[in-house]
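Read the structure below first, then the notes.
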Amino acid sequence: MEYPFGKIERKWQRVWREKRIFSAPQKSEKPKYYVLSMFPYPSGVLHIGHASNYSIGDAVTRLKMMQGYSVMQPMGYDAFGMPAENYAIQHNSHPRITTEENIAAMRSQFDGMGFGLDWDREVSTCRPDYYRWGQYIFKKLYEKGLVYRKKSFQNWCEECQTVLANEQVEDGSCWRCGSEVEQKELEQWYFRITDYAEELLDFSKIIDWPERVMTMQKNWIGKSEGAKINFMLENSETQIPIFTTRPDTIYGVTFMALPPEHPLVQAWLASEPDNKALHDFCRKVINEDKLLRSSAEAVKEGVFSGRYCINPLNGDKVQIWITNYVLMDYGTGAVMAVPAHDQRDFDFAKKYKIPIKIVIQKPDSSLVLEEMTEAYIEPGIMVNSQQFDGMESEAAKAAITEWAAQNGWGEQTFTYRLRDWGISRQRYWGNPIPVIHCPKCGVVLVPDRDLPVRLPDNVQVGRTTSNPLLSVPEWLNVSCPQCGEMARRETDTMDTFVDSSWYFARYADPKNDKEPFNPEQANYWLPVDQYIGGIEHACMHLLYARFFHKFMRDLGWVNSDEPFARLLTQGMVTKDGAKMSKSKGNTVDPQYIIDRFGADTLRVFLLFASPPEKDVEWSDDGVMGAFRFLNRVWRLIDGNQDLIVKGLSCNPGEIGEEIAELRYQVHHAIYRWTEDCLQRMQYNTAIASAMELLNAIVKIKEPEKLVDAELAVYGFACAALPKMLYPFAPHIAEELWEILRREKLLHESGLPGYEERYLQRDSITYVIQINGKLRGKLEVSPATSSETLQAMALEVENVKRCLDGLSVKKIIVIPGKMISIAAGK
RNA sequence: GCGAAAGUGGCGGAAUUGGCAGACGCGCUGGACUUAGGAUCCAGUGAGGCAACUCGUAGGGGUUCGAGUCCCCUCUUUCGCACCA
């Protein structure tokens with residue numbers, strides 16, 4: 001007989017809802033705890049990944065409630081973006097309609113999983129009451145000088161009619177639709193995240209993040225120290241600033257390398273419309289996809305510009321080349337090339353027969369120009385570098401930078417790999433940028449009283465050749481808020497990462513219609529105590545959210561430095577070793593599992609299969625195992641309920657050996673469970689402890705024959721099971737708890753408790769090792785002294801045999817564990 | 001190429017600080033029972049050996065009374081970054 005999981009799950013979901021136990025109060029005598037899982041894109045169907053991720057957050061939530069915290073676990077929807085637009089197109093509908101339908105469908109599936117979510121705080125980024133405040137924050141960023149427009153070459157997806165972030169280009173193709181990405185010059189809106197680069201490198205205010213996420217962010221930001229040096233264009237006043245991390249090699253510059261995107265190159269192209277070679281080369285390189293262009297295999301190519309510049313340090317006249325191996329986005333976009341000491345420059349110089357000049361000599365002076373087959377990039381002794389000759393090259397870095405600074409040629413500087421955040425998207429289904437373009441006044445921010453700039457409903461959503469917002473004249477054409485003349489709205493919408501960069505704060509005050517959130521309420525809940533989400537967000541979402549949080553702190557809206565105190569990056573669910581996906585055809589429908597075995601079974605399987613941060617391999621047999629386990633627990637407690645209830649009111653007293661062993665087992669299991677749940681977040685072993693406890697209890701074959709004092713232990717052991725299961729299988733746990741006639745609900749019944757004194761057994765087993773090999777065992781009382789143990793060990797028959805012919809050199813006693821004998825000839 | 005993490009039975013995984021390797025679950029083998037179930041219960045299950053014992057945590061070396069755990073080298077896998085000047 002299977003336990004009636006369907007009835008039980010519906011019953012307790014109703015009770016939790018009616019008692020509103022997951023509605024987090026704004027004030028509480030208990031300490032607060034904020035649990036947040038990354039909100040989903042509302043696809044309309046719960047997939048196994050959602051079930052897995054949110055089971056972790058729910059386990060944390062229920063544990064912290066048992067522990068006595070006032071817990072908030074909110075949920076919302078990251079509802080803007082291209083998938084929603086595409087979904088609507090496919091279903092011949094409107095994203096507003098399909099998205100709201102999907103949200104309703106997902107919410108009922110979340111409820112079917114029994115997640116303890118505070119639905120009073122639900123947020124959806126596509127609703128005007130939310131995106132209004134995103135526009136408001138945009139204006140604040142603008143007012144603080146953190147927003148600017150820039151014309152630049154962008155990854156352009158013709159299929160999606162939108163700009164893609166570099167991070168959104170995968171192997172030269174659009175990450176959403178897979179079509180080829182080309183380069184197009186566009187005026188774009190940017191957030192100056194680089195202003196916060198230095199602070200974003202500081203993780204000291206974070207309590208517990210995985211080391212590897214912090215490392216990834218550090219590498220992503222990519223700080224490097226170096227010098228900015230201004231070269232002069234020959235016969236001109238034009239400066240060409242370069243950034244270098246190797247100012248010690250500056251006397252070895254033999255050419256300058258510029259990318260085709262460089263403004264100077266663009267100017268030359270404009271002034272020489274007939275220079276076919278130059279035009280062809282530049283067009284070719286610009287349209288090469290950026291990833292391919294920056295791959296190690298790419299062949300270095302270039303054309304001589306016919307122009308020269310002057311090295312300010314020694315007055316050398318240097319050829320300027322236009323190349324495919326320099327990136328406009330990094331440093332100043334111009335590179336001083338030192339072939340002798342940089343491998344890329346070396347390869348390029350060899351290919352185009354550009355001179356090479358050694359300025360750093362190996363310590364053994366063995367470097368000979370004619371014999372060089374590769375660049376010498378190690379430190380060494382300065383040569384051919386005027387007054388710096390003879391210096392150590394590492395010391396010369398600072399000396400040369402200082403010399404250049406004193407003469408006004410340059411300065412010491414830092415540069416970051418991190419680029420400013422391009423937020424413009426040429427799509428309909430996003431948050432409109434609250435800007436009006438006036439022919440007279442220029443860029444004008446939409447006044448607060450006119451916020452939100454609402455998305456018009458009457459657009460043709462489809463694969464049009466331009467942004468659908470352009471097709472709504474009554475929305476597009478407005479009068480200028482400043483001068484009243486006819487003006488035009490900005491039609492770009494914001495990257496959806498903007499929406500998800502502050503939602504964690506909105507949950508604290510989700511219905512506020514005066515401001516994004518009330519600072520006092522936000523500060524009560526923030527920072528998020530436990531954030532849970534995928535590792536794939538390490539460099540984008542998690543970095544953008546930290547940037548926004550620091551900006552909001554600088555505005556005085558929040559008083560913490562970091563949004564997420566602890567981070568858990570959960571693994572994904574795989575099947576046959578691969579990520580589940582429709583295209584691979586290896587998906588599993590969680591709804592089927594819920595209907596057939598119950599949500600509790602699905603949750604226990606997902607949490608038991610591996611630790612939360614590791615991938616879970618799907619296994620139908622594993623699901624059956626979880627189901628069998630819950631059924632065994634059910635039969636034990638449901639079948640012995642009167643006995644257990646009686647035991648719970650019995651007094652302790654004399655007990656037999658078998659029950660003494662059970663008492664040790666139950667206290668030990670609770671101890672392990674507590675450590676695994678609270679200290680280590682290792683739910684797979686916490687569940688294993690509950691299984692071990694069950695196995696220990698069912699060893700008692702005839703509980704009805706137990707005397708009262710023994711029944712007290714038996715009852716205690718059985719009653720521990722619902723508590724231990726509550727974070728993972730809450731429905732069956734509540735039902736069993738009720739069967740045992742406990743009065744409160746489990747979340748207010750406290751953690752299961754163990755007693756230290758029962759973690760000791762009456763006798764303990766010492767193992768005896770001789771030279772590291774197991775040679776015997778010893779059953780003794782825990783109080784046995786070290787000397788006695790040593791003597792006893794030497795009397796063990798097998799030990800005596802193994803020591804025959806050897807002399808004992810040393811005996812080491814590890815209290816409670818082992819006796820180690822070192823012996824030799 | 002650089003950086004990070006990992007490698008344990010047939011499988012998923014345990015082993016909190018260096019202290020009985022393989023907890024727990026799956027699978028498998030044998031048995032019991034039967035209201036033949038996606039049941040339940042009992043016993044067994046790293047390899048070799050009749051046994052005493054030997055071997056065993058990717059491979060090789062080292063430190064230690066004692067190493068899955070610490071150190072060095074090699075191999076493999078995964079992830080991140082990648083002409084970053």
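Side chains are part of it too, since the values below use all heavy atoms of this structure and drop only hydrogens, waters and symmetry mates. Per chain, numbering begins at 1; letters A, B, ... match sequence-line order. Since the model is a prediction, treat every value here as computed from it, not as a measurement.
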Looking at [X], does any N or O in its side chain come under 4.0 Å of the phosphate oxygens OP1/OP2 on [N]?
X	N	value
A:R417	B:A82	yes
A:R775	B:A52	no
A:N219	B:A82	no
A:N631	B:U40	no
A:K223	B:C84	no

Next item on the list: Answer syn or anti for B:G9, where the cut-off is 90° from 0 on the glycosidic torsion.
Entry: syn
For nucleotides [N] and [M], find the distance between their [atom1] atoms and express it as a whole number of Å.
N	M	atom1	value
B:U34	B:A39	C1'	9 Å
B:A6	B:G13	C1'	14 Å
B:C20	B:A67	P	11 Å
B:A5	B:A58	C1'	16 Å
B:G56	B:G22	C1'	11 Å
B:G27	B:G46	C1'	15 Å
B:G7	B:U17	P	15 Å
B:U77	B:C41	C1'	42 Å

Item checked: Single hit among A:L636, A:V666, A:I732 for side chain to side chain contact (heavy atoms under 4.5 Å, CB included) with A:L721 -> A:L636
Nearest-angstrom distance from the residue atom [atom1] of [X] to [atom2] of [N]:
X	N	atom1	atom2	result
A:Y3	B:U40	OH	P	14 Å
A:E2	B:G38	CD	C1'	8 Å
A:L789	B:G19	CG	P	19 Å
A:M336	B:A85	CE	P	12 Å
A:R632	B:C24	CZ	P	11 Å
A:W220	B:A4	CH2	P	19 Å
A:F728	B:C24	CZ	C1'	13 Å
A:K300	B:C84	NZ	P	9 Å

Next item on the list: Check whether more than 12 heavy atoms from other residues, nucleotides or ligands sit under 6.0 Å from atom CZ of A:R417, and answer yes or no.
Entry: yes
Check every strand shown and say whether [X] touches a base, only sugar-phosphate, or nothing at a heavy-atom separation below 4.0 Å.
X	answer
A:K228	nothing
A:E692	sugar-phosphate
A:K777	base
A:I814	base
A:G222	nothing
A:S820	base
A:D345	nothing
A:D621	sugar-phosphate
A:Q682	sugar-phosphate
A:A822	sugar-phosphate

Compare the minimum distances between each of [options] and the side chain of [X], then state the nucleotide with the smallest one.
X	options	value
A:R628	B:C20, B:U54, B:C26	B:C26
A:L327	B:C84, B:A14, B:A23	B:C84
A:F243	B:C65, B:U16, B:A85	B:A85
A:R801	B:A15, B:C53, B:G12	B:C53
A:R635	B:C41, B:G38, B:A85	B:C41
A:Y592	B:G3, B:G38, B:U16	B:G38
A:Q769	B:A23, B:C79, B:C20	B:C20
A:Y671	B:C26, B:U16, B:A85	B:U16
A:M818	B:A85, B:G19, B:G3	B:G19
A:R344	B:C84, B:U40, B:C53	B:C84

Which nucleotide, in any strand shown, forms a Watson-Crick or G-U wobble pair with [N], with both distances under 3.5 Å?
N	value
B:C70	B:G62
B:G49	none
B:A15	none
B:U78	B:A4
B:G10	B:C26
B:U40	B:A32

Check: Which pair of non-hydrogen atoms, one from A:P210 and one from A:T569, has the smallest distance, and what is that distance?
Finding: CG-OG1, 4.0 Å
Next item on the list: Taking the side chain as every heavy atom from C-beta outward, state whether A:I360 and A:P379 have any atom pair closer than 4.5 Å.
Entry: no
Next item on the list: For the pair A:K223 and A:E198, evaluate salt bridge (Lys or Arg N to Asp or Glu O under 4.0 Å) and give the outcome as yes or no after the intermediate values.
Entry: CA-CA 8 Å; A:K223 181 180 184 176; A:E198 197 57 43; 2.8 Å; yes
Output yes when [X] and [Y] qualify as a salt bridge under the 4.0 Å nitrogen-oxygen rule, no when they do not.
X	Y	result
A:E658	A:K699	no
A:R761	A:E661	yes
A:E2	A:R596	yes

Checklist line | Working for salt bridge (Lys or Arg N to Asp or Glu O under 4.0 Å), residues A:K397 and A:E225 | finding: CA-CA 10 Å; A:K397 281 182 181 174; A:E225 183 183 351; over 6 Å; no
Note to self: Nearest heavy atom decides the nucleotide; on that basis, is A:F608 or A:N798 closer to the 5' end of RNA chain B?
What the structure shows: A:F608
Check: Which comes earlier along RNA chain B counting from the 5' end, the contact point of A:E211 or that of A:K773, where each point is its nearest nucleotide?
Finding: A:E211
Checklist line | Within the 6.0 Å centroid threshold, strictly below: A:W618 and A:F605 | finding: yes
